[in-house]
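Here is the structure we will look at, set down as structure tokens.
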Number of protein chains: 2
Amino acid sequence: MPAQRERILACACELYLETGLPGFSMRKLAKNVGVTAPALYRHYDGKENVLADVVREAYQAYQGYVYRALQASTPIERFFQAGEGYLDFALEHPRWYKIMFSSPERLGMKELPDDIEAMGCGVHQFWIDRVRECMQVGILKEADPLQTALTMWAHAHGMILLYHQGFFPMDREEFQSLFEKSGARMMSGFATSSFAGQLEELYMEDQTVPQV
Amino acid sequence: MPAQRERILACACELYLETGLPGFSMRKLAKNVGVTAPALYRHYDGKENVLADVVREAYQAYQGYVYRALQASTPIERFFQAGEGYLDFALEHPRWYKIMFSSPERLGMKELPDDIEAMGCGVHQFWIDRVRECMQVGILKEADPLQTALTMWAHAHGMILLYHQGFFPMDREEFQSLFEKSGARMMSGFATSSFAGQLEELYMEDQTVPQV
DNA sequence: CAGGCATGTGAACACTGTAAACATAACCTC
DNA sequence: GAGGTTATGTTTACAGTGTTCACATGCCTG
């Protein structure tokens, strides 16, 4: 990757993380690089390709948070550490999380590049693998790992998006606790009876039923 | 509500549903209304206020799909009919669904208007009520209705968004079936043992475990 | 040294949201 | 009915957007 293209990409990431998608413009990017806007087009074929590379960087950052869980020694540890990494990433880098799951039209393209789409599927595949190995050691009930992983992923994704969009007003710590409890409750539905007991303890602790 | 403002809003909804947010411009809107762009500013104080009204229309359409479930006679029927309405709405009107949950910055504002934020909370509250009455009749285990509703809502929301963004490539029918199974499996974790049995039947039918 | 290539700039085009100045028609009061 | 006010539109204009074209510069190679 040529040096100048790399510099542009670095500035693009910085600009996006600062201003978000609506504030991201080729002219601002050019100014940050120290160059005029048309010069960018020598290195990038349009804004959408710059953004595509930003998305790729986002996935790379994501992997740094989640993949280290693979170093843990048991399936259950790998699962929970990965979940922790997932949440940490989403909360510490909301803009990166958002752009990973942005619709193509929002990035100015009709379809996502194939490799990015594959990265998205890779996220799914990762969770399928975590689920499958938990089934193999008898922590999760035997079932379709794809569906189970999908259910869990969708739950986490939905909670994070609703939180980011301010649908439940609470601070990060409170949300984190809610996220864990909610995840544990959902997981207990998939767990074998022996493991479900341990999970119960997680979310049954302050079982005050508030009136809303 | 003045007649002309109403016409503008109608055209705005039509334009948004056709082109999506990136294709939505005040000049196109003006042309559709049959007027020049600055004329719109006599009736709307800027693009963001037009979009805010479009969001309000989206919520109204949403309610038409979901609230008729309240006519059913038992909590469980109300719950499932509402869920069906929710999914139908999201699949038949993806653009309306998307704009309901769009972040404020995407609509060009720093914060959502209070009434729109309240509508979002209303969606949550509706599900809390459905969950609570299912607990009261002994279909769901006694627990915090807020948390339980949140878990279910986040799951549904996440699945729909991931589907809309093309993360699992399947047609609508296939997704609908997946959605129902996934929802039933999750729900069985919250169900009382007597009710969990019925749910098992829903998602256990074709329990082929495909290799992915 | 000459030529070619990589890389930049400036000007321009078609858009965007929005504001200011101006026009017109409806209506209300004297 | 005359005059003034108000509602509603248009024209023009400005700043900003993505992008393209024509041109300039400098470096590397033959």
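A, B, ... follow the sequence lines: proteins, then strands. Residue 1 opens every chain.
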List, one per line, each side-chain donor-acceptor pair under 3.5 Å for residues 104-119 of chain B, sequence neighbours excluded.
from: B:Glu105; atom 1: OE1; to: A:Arg95; atom 2: NH2; distance (Å): 3.3
from: B:Asp115; atom 1: OD1; to: B:Arg56; atom 2: NH2; distance (Å): 3.1
from: B:Asp115; atom 1: OD2; to: B:Arg56; atom 2: NE; distance (Å): 2.5
from: B:Asp115; atom 1: OD2; to: B:Arg56; atom 2: NH2; distance (Å): 3.3

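Nearest heavy atoms, A:His155 versus A:Ser182: NE2-OG, 2.7 Å. The minimum heavy-atom distance between A:Met159 and A:Phe179, with the atom names listed, is CB-CD1, 4.1 Å.
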*Would you give a per-nucleotide map of nucleotides 4-14 of chain D, 5' to 3', where B means the base has a protein non-hydrogen atom under 4.0 Å away, S means only the sugar-phosphate does, and - means neither?*
----BBBBBB-
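Aromatic ring centroids of B:Tyr67 and B:Phe126 lie under 6.0 Å apart. For an aromatic pair to be called close, the ring centres must be under 6.0 Å apart, and A:His93 with A:Tyr62 fails this. Annotation: B:Tyr16 is not in aromatic contact with B:Trp96 [ring centroid separation under 6.0 Å not met].
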_Check against ring pair (Phe, Tyr, Trp, His ring centres under 6.0 Å), A:Phe101 and A:Tyr97_ = CA-CA 7 Å; A:Phe101 300 107; A:Tyr97 187 84; 5.0 Å; yes
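For residues 44-56 of chain A, proximity to DNA chain D is found at A:Gly46, A:Lys47, defined as any non-hydrogen atom under 4.0 angstrom from a strand atom. Using a 4.0 Å cutoff on non-hydrogen atoms, no part of residues 99-107 of chain B comes near DNA chain D.
B:Tyr44 pairs by the ring-ring contact (aromatic ring centres under 6.0 Å, His included) definition with nothing, not counting sequence neighbours. Legend: residues meeting side chain to side chain donor-acceptor pair (under 3.5 Å) with A:His124, ordered by chain and number and at least two apart, are absent.
Distance B:Leu21 CG to C:dG17 C1': 15 Å, rounded to the nearest Å. In this entry the distance linking CG of B:Leu29 with C1' of C:dT16 reads 14 Å, nearest Å. For the pair A:Lys31 NZ and D:dG18 P, the computed distance is 13 Å after rounding to whole Å.
Atom OG in B:Ser103 sits 4.5 Å away from atom NZ in A:Lys98 (nearest 0.5 Å).
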